[in-house]
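A short worksheet on the structure shown next.
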Protein chains: 2
Amino acid sequence: MTRYKLTLEYDGGPFVGWQRQDNGPSVQAALEAALLAFCGERITVSGAGRTDAGVHAAGQVAHCDIIKSTTADTVRDALNHHLRPAPISVLTATPVDDEFHARFSAVSRHYRYRILNRRAPPALQRGRVWWIARPLDAAAMASGARQLLGHHDFTSFRAAECQARSPMKTLDRLTVTRLGEEIELAVEARSFLHNQVRIIAGTLVRVGEGRWRPQDVGAALAACDRRAAGPTAPPHGLCLMHVGYP
Amino acid sequence: MTRYKLTLEYDGGPFVGWQRQDNGPSVQAALEAALLAFCGERITVSGAGRTDAGVHAAGQVAHCDIIKSTTADTVRDALNHHLRPAPISVLTATPVDDEFHARFSAVSRHYRYRILNRRAPPALQRGRVWWIARPLDAAAMASGARQLLGHHDFTSFRAAECQARSPMKTLDRLTVTRLGEEIELAVEARSFLHNQVRIIAGTLVRVGEGRWRPQDVGAALAACDRRAAGPTAPPHGLCLMHVGYP
């Protein structure tokens, strides 16, 4: 038996999310079906982050145990073959130590949230960006973002259904950058609460619109109440870019 | 009557191309249907470049004459409203002189051709890039590209069905740049022959694969025979980026 680390890219649009569920196709189930077709046995795939329905990945990480004698290149190519036509791609497959766990070994998760900020709706980037027609002040959003950096109780930025035991998280990076018509949020932490990045994005947009002052973000954080923060931004602007390991 | 210059972004995937045709939905017909819904009359839209089926645009230009009294912002917003759910977006609408003609006034056309050069198939960029799994030598492709610059008889790089009177064209720019896993061709000329950019891309890929030497591109050009050049690259890697006017 060999444990493989898989790096994955996927378009979250057609899926109910990473996790296997009864109500529709998931990324995990598609990978497990490809593994069954390749190996002839049921193999469980464990992911580093349970991305929600509609959330994309450019660098999700998962692991699985393969008994069949094969090579890493064959694992990658065979899975990509069997995954078609699902928009999931195995970028790399690497043999790892049996101690490696995609979720529990991870030390950092990097997300990007993309906002298309222009009057005209997206055509080429449709399904990849949150379209906001009214002009946003990216500098004000960046100022609000700085108040979330560090170790805090993120209860205000946590979905009601979040299963994490503690609301304490350390936000290591949160930058807001305007690139022409696009505003990009880059977010990094060891781990996140459920919907944390999307609630941060929805809250910072309130600042960008001028409805909130930058310091109101700090007040929302201090309130430790989900109702104090902004709305949850739509999933299709979010992409899991990278998962870091020691 | 006011003539409007429209700048357009579209995903070419679902269309038979720019031009109105009997065999399926075209970008031109979608725009004309939106104009009919907005103005209540049949209005013809003229485009700067007749992009083929599957070819995208980030900066196509078209013009149309509107009798109805309105404003440029209303033209843009109303067309975008009526275009839904087609993946076509009117980026700008600008009143122009009656002498302006999207096609005949244009002095330059800028295209980008994107190749995803990695073992794993595209998931997020599917339908936007030509996927080539075997490694390509971008420096050799750039060297081959330089032989096409300038004023030449481009008969070898012209589709059989091309309707241009002369095969003489001046290629003002043709660069090949590797950006990580992606190879990008930037191409600029006053005008192009039918399929010229896609045949150039298909030919340079032969060089990138090592099947041709860079100087073979010059020999293919000199042959003035379509069979001397490489294959026509697939449409979905191509995007009309910009059309220049005096």
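Source: prediction; values computed, not measured. Proteins come first, then strands; the chains are lettered A, B, ... in the order of their sequence lines, and each starts at number 1.
Classified by interplanar angle (parallel below 30°, tilted 30° to 60°, perpendicular above 60°), the ring pair A:Phe15/A:Tyr10 is perpendicular.
The residues B:Asp65 and B:Arg3 are annotated as salt-bridged, a charged nitrogen and a carboxylate oxygen being separated by less than 4.0 angstrom. A salt bridge does not link A:Glu32 with A:Arg42: every distance from a Lys NZ or Arg NE/NH1/NH2 to an Asp or Glu carboxylate oxygen is 4.0 Å or more.
For the pair B:His63 (side chain) and B:Ala102 (backbone), a donor-acceptor distance under 3.5 Å is present. One N or O on the side chain of A:Lys68 and one on the backbone of A:Phe38 form a donor-acceptor pair closer than 3.5 Å. At least one donor-acceptor pair closer than 3.5 Å links the side chain of A:Arg178 to the backbone N or O of A:Leu136. With hydrogens and angles disregarded, a donor-acceptor distance shorter than 3.5 Å links the side chain of B:Arg198 to the backbone of B:Ala233. Between the side chain of A:Asp97 and the backbone N or O of A:Phe100, no donor-acceptor pair lies under 3.5 Å. Judged by distance alone, the side chain of B:Gln28 and the main-chain N or O of B:Gly47 form no donor-acceptor pair under 3.5 Å. In this structure, the side chain of B:Asp52 does not engage the main chain of B:Val55 through any donor-acceptor pair within 3.5 Å.
Residues of residues 104-128 of chain A lying under 4.5 angstrom from chain B, judged on non-hydrogen atoms, are A:Arg118, A:Arg119, A:Ala120, A:Pro121, A:Pro122, A:Ala123, A:Leu124, A:Gln125, A:Arg126, A:Arg128 in numerical order. Heavy-atom proximity under 4.5 angstrom to chain B picks out A:Ile88, A:Ser89, A:Val90, A:Leu91 from residues 88-95 of chain A.
The candidate with the highest count of non-hydrogen atom pairs below 4.5 Å against chain B, out of A:Arg84, A:His56, A:Arg76, A:Glu181, is A:Arg76. Contact count against chain B (heavy-atom pairs under 4.5 Å) is highest for A:Pro87 among A:Gly13, A:Pro87, A:Ala86, A:Ala58. Most heavy-atom pairs under 4.5 Å with chain A, from the set B:Leu79, B:Asp73, B:Leu8, B:Asn80: that is B:Asn80.
Within 6.0 Å of the CG atom in B:Leu36, the count of heavy atoms belonging to other residues, nucleotides or ligands exceeds 12.
Residue contact with chain B, scored on non-hydrogen atoms closer than 4.5 Å, involves the backbone of A:Ala57 exclusively.
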